[in-house]
Amino acid sequence: MMIDIKEHAELSVLNHSCAHMMAQAVKRLYPNALFWVGPVVSEGFYYDIDLGDEVIKDDDLPKIEKEMKKIAKDGKRITRKEISKEEALEMFKDDLYKIDLISGLEDGTITCYQQGEFIDLCRGPHVETVKELKNFKLLKHSGAYWKGDSDNKVLQRIYGVCFPTAEELEEHLNLLEEAKKRDHKKLGRELDIFTMSEYAPGMPFFLPNGMIIRNQLENFWYEEHTKENYQFIKTPIMMSRELWEVSGHWDNYQENMYTTKVDDRDFAIKPMNCPGALLAYKAGLHSYKDLPLRVGELGQVHRHEASGALNGLFRVRTFTQDDAHIFMRPQQIEEEVMSLIQFIDRVYAIFGLTYRIELSTRPEKKYIGDLEIWEKSEAALAAACEHAGKTYKVNPGDGAFYGPKLDFHIKDSLGREWQCGTIQLDMNLPERFDLTYVESDGTKVRPVMLHRVIFGSIERFIGILIEHYAGHFPTWLAPQQVMVVPVHHEKHVEYAEKINALISANGYRSKLDARNEKLGYRIREAQLAKIPYQLVIGDGEQEQGTVTIRRAQSKESQTVTVEEFLAILSEEVKEKRL
RNA sequence: GCCGGAGUGGCUCAAUGGUAGAGCAAUUCACUCGUAACGAAUAGGUUGGGUGUUCGAUUCACCUCUCCGGCACCA
């Protein structure tokens, strides 16, 4: 597993010092460079730099590395200096970035660190001398908006990583290389799971293998939700402008919506399922006795995401949300959310996925609803996490304008986190659509509503699974579960066909490879296709009514009766064994 | 959308200012085979698209599309 640099105190200091050394090297190569911040992050360090009109190109990284090696070899000590805020402002008076930083600091002493000719504002701590910074690598670079604001100037950001020894660095770089082999875009192509076309940017095409995985996930989803007392609906993919005006999307989300005009009337393809779900709710009268009402929909949405945001199956322009909207009485929130957290936890465990929860609270400026309700809702979400025994990180101000939410994040092979599950309270739509239910006293009351997904998007979830399993899907999900391989393509083909037919008749996905090729060749292909079970059939098996099993990723083989093999398959699939 | 990088047969990649070459895959033939590649032959590309420079562009320039790594975005 990839190391999280930020989580290791020593590596953190080392990487931070290395960021300074990189800045020093950049300053030598670009005398006009001005520096913004250079923090340590989980992948190492970066520094944001203003190079005036110059930009960093790929070829520049080796040059900077070379200069850094020189500095490290020179071996200057890193010394700490304390100065007053006034002195700091004077010292950096020609540097608008430093002035900006210093102005934001409290009055009192400010620390600087110096090595050779280079001095930088910094809280520290740092390593003793730059001699310790010999084993580093600059990994990538990009433009990055100053202060993360797209209205600001683009600074040059350079990422790197540093380790105490050359061996650790090399091992880390190897891990990065290995991670690339698990990339779902690469495996998705190799295993014929999905494809993309420039005629539909950001919109994946699922190939037959991908459809098997998808259908398995969807069937599983329906089964589990049926157990949890969900009902299911399917709403139209396109609805008229008036609906989106009621929901607020026409005013707030229009640039992300695909719209069309038919018979002089505006329509929009749904970017979310909720408005449709609310119309379905309004199709009838609801009693407090029916609550919580759990209504699920595997709904395909379209969003015109920024071109630069697109990324394989992780970020697409059309995807299927495993959505559900839950309508309930206010006092039911905490219990409902708690059981949802456990539901999500149970589902992720089946796939062997680990995750992290974030609680996003009320945005500072733009939000709707009472402050009191917000606070109660946030408390309910937090309490639900605690009662479910889950830790969470608070993201202050990161909630949607209509309510607080819990997000479930899962890492990809490169350690990047993607939001999958989410539980969001909504104080907006029930109001806009005037939802009601009949309370015990006969009055009409506004229900509390929450949106929730578990996979998040089936597309993204499949992307995550491809990387998580490195293409080796567990048997219950594997596009093809069994490959029957007769040793001789004529002598053993009849028995092999019988075996293949029997396995298929029992509901498993089996194929016969009776091509006129060497056994080793066909085994190799089955291994590369990551088929969980290869059954070799030769004279011995034919005579005794057995099959010889070879598992994917294994060199071992084992001979069992056909019945025994079916029992193995049955148990493995039924239990969704990993 | 922004910064950088990349687009060559299904896939992985090579090459050159003078109309592209390999490996894998495919097809055919031969081999008749016990656990990760037997061999041979054949076919397959208007080098993402457009414009310009040039006697000549896949190669140079510009525009555009798509993809990748980041940034921003992520109701």
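Note on naming: letters A, B, ... go to the chains in the order of the sequence lines (proteins, then strands), and numbering restarts at 1 for each one.
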Exercise. Is there a side-chain polar atom (N or O) of Lys185(A) under 4.0 Å from OP1 or OP2 of G69(B)?
Worked result: yes
Exercise. Which is true for Gly538(A) with a 4.0 Å heavy-atom rule: it touches a base, it touches only sugar-phosphate, or it touches nothing?
Worked result: base
Exercise. Has Arg362(A) got its NZ or CZ under 6.0 Å from the middle of the six-membered ring of Tyr367(A), at an angle within 45 degrees of the ring axis?
Worked result: yes
For this session: Can you tell me, in whole Å, how much space there is between the P of G7(B) and that of A26(B)?
Result: 27 Å
Problem set entry | Among A26(B), G34(B), A36(B), the one nearest Arg550(A) by side-chain distance | A36(B)
For this session: Round to the nearest Å and state the distance from Met203(A) atom CE to C67(B) atom P.
Result: 10 Å
For this session: Quickly work out the Glu358(A) CD to C74(B) P distance and round it to whole Å.
Result: 14 Å
For this session: Kindly say whether Arg515(A) contributes a backbone atom to a donor-acceptor pair with the side chain of Asp513(A) at under 3.5 angstrom?
Result: yes
Exercise. Does the pair Asp183(A)/Lys185(A) count as a salt bridge with the N-to-O cut at 4.0 Å?
Worked result: yes
For this session: Figure out the NE2/C1' separation between His409(A) and C74(B), and round it to whole Å.
Result: 11 Å
For this session: Please determine if Glu297(A) and Lys270(A) form a salt bridge, counting it only when a charged side-chain N lies under 4.0 Å from a carboxylate O.
Result: yes
For this session: For G1(B) and C11(B), measure between their P atoms and round to the nearest Å.
Result: 25 Å
Problem set entry | Distance below 4.0 Å between Arg522(A) side-chain N/O and G34(B) OP1 or OP2 | no
Exercise. Rounding to the closest angstrom, what is the interatomic distance between G39(B) and U8(B) at atom P?
Worked result: 28 Å
Exercise. In terms of heavy-atom contacts, does CD of Glu494(A) have more than 12 from other residues, nucleotides or ligands at under 6.0 Å?
Worked result: no
For this session: Report the distance from atom CZ of Arg551(A) to atom C1' of U35(B), rounded to the nearest whole Å.
Result: 16 Å
Problem set entry | Sidechain-backbone polar pair: Gln527(A) side chain, Ile523(A) backbone, donor-acceptor under 3.5 Å | no
Exercise. Between the side chains of Asp412(A) and Trp418(A), is a donor N or O closer than 3.5 angstrom to an acceptor N or O?
Worked result: yes
For this session: Scan nucleotides 2-12 of chain B nucleotide by nucleotide, 5' to 3', and note B when protein non-hydrogen atoms come under 4.0 Å of the base, S if they reach only the sugar-phosphate, - if neither.
Result: BBSS-----SS
Problem set entry | Ala306(A) or Gly312(A), whichever maps to the more 5' nucleotide of RNA chain B | Ala306(A)
Exercise. Going by an N to O cut-off under 4.0 Å, is there a salt bridge joining Glu525(A) and Arg522(A)?
Worked result: no
For this session: Would you mind classifying the nucleic acid contact of His451(A) as base, sugar-phosphate or nothing, using non-hydrogen atoms under 4.0 angstrom?
Result: nothing
Problem set entry | Arg551(A) to Tyr533(A) six-membered ring, cation-pi geometry met (6.0 Å, 45°) | yes
Exercise. How many Å lie between CD on Gln321(A) and C1' on C74(B), as a whole number?
Worked result: 12 Å
Exercise. Does the distance from a Lys or Arg side-chain N to an Asp or Glu carboxylate O, for Lys63(A) and Glu67(A), drop under 4.0 Å?
Worked result: no
Problem set entry | Pairwise P distance, C65(B) and C74(B) [rounded to whole Å] | 24 Å
For this session: May I ask you to say what Phe401(A) touches in the nucleic acid, namely base, sugar-phosphate or nothing, with a heavy-atom cut-off under 4.0 Å?
Result: base
Exercise. Within less than 4.0 Å of OP1 or OP2 of C65(B), is there a side-chain N or O belonging to Tyr199(A)?
Worked result: no
Exercise. What interatomic distance, in whole Å, is found between C1' of A20(B) and the corresponding atom of U47(B)?
Worked result: 8 Å
Exercise. Got a donor-acceptor pair under 3.5 Å from the side chain of Glu541(A) to the base of G34(B)?
Worked result: yes
Exercise. Any salt bridge between Glu378(A) and Lys405(A), counting N to O under 4.0 Å?
Worked result: no
For this session: Determine, step by step, whether Phe45(A) and His20(A) satisfy the ring-ring contact (aromatic ring centres under 6.0 Å, His included) criterion, reporting the C-alpha distance in whole Å, the side-chain angles of both residues, the deciding distance to 0.1 Å, and the verdict.
Result: CA-CA 10 Å; Phe45(A) 64 86; His20(A) 276 237; over 10 Å; no
Exercise. Distance between the P atoms of C38(B) and C33(B), in whole angstroms?
Worked result: 15 Å
Exercise. If you check the Tyr521(A) side chain, which of A26(B), C67(B), U35(B) turns out closest?
Worked result: A26(B)
For this session: Answer with base, sugar-phosphate or nothing: what part of the nucleic acid does Ser247(A) contact at a heavy-atom distance below 4.0 Å?
Result: nothing
Exercise. Within the structure shown, what part of the strands sits under 4.0 Å from Lys186(A) by heavy-atom distance: base, sugar-phosphate, or nothing?
Worked result: nothing
Exercise. Heavy atoms under 4.0 Å, any strand shown: does Gly456(A) hit a base, just sugar-phosphate, or nothing?
Worked result: nothing
For this session: Write down the distance between CD (Glu517(A)) and P (U28(B)), rounded to a whole number of angstrom.
Result: 11 Å
Exercise. Based on Watson-Crick and G-U pairs with both distances under 3.5 Å, what dot-bracket line describes RNA chain B 5' to 3', crossing pairs as [ ] and inter-strand pairs as |?
Worked result: (((((((..((((....[..)))).((((.........)))).....(((((..]....))))))))))))....
For this session: Mind checking Leu139(A) for me? I need base, sugar-phosphate or nothing, with any heavy atom below 4.0 Å counting as a touch.
Result: nothing
Problem set entry | Check: Pro271(A) main-chain N/O paired with Arg303(A) side-chain donor or acceptor under 3.5 Å | yes
Problem set entry | Gap in Å between the two P atoms, one belonging to G50(B) and one to C13(B), rounded | 25 Å
Exercise. When you compare U16(B) with A6(B), how far apart are their P atoms, in angstrom units rounded to a whole number?
Worked result: 16 Å
Seminar exercise, completed: Against the side chain of Asn516(A), the closest entry in G69(B), C31(B), G34(B) is C31(B)
Exercise. According to a strict under-4.0 Å criterion, is Arg315(A) in side-chain N/O contact with OP1 or OP2 of C73(B)?
Worked result: no
Exercise. Can you find a side chain N or O atom of Tyr533(A) that sits less than 4.0 Å from OP1 or OP2 on U35(B)?
Worked result: no
Exercise. With sugar-phosphate meaning primed atoms plus P, OP1 and OP2, does Asp149(A) contact a base, only sugar-phosphate, or nothing at under 4.0 Å between heavy atoms?
Worked result: nothing
Seminar exercise, completed: From NZ of Lys140(A) across to P of C71(B) the rounded distance in Å is 7 Å
For this session: Check whether the side chain of Asn256(A) and the base of C74(B) form a donor-acceptor pair under 3.5 Å.
Result: no
Exercise. Quick one: Asn152(A) CG to C73(B) P, roughly how many Å, whole number?
Worked result: 11 Å
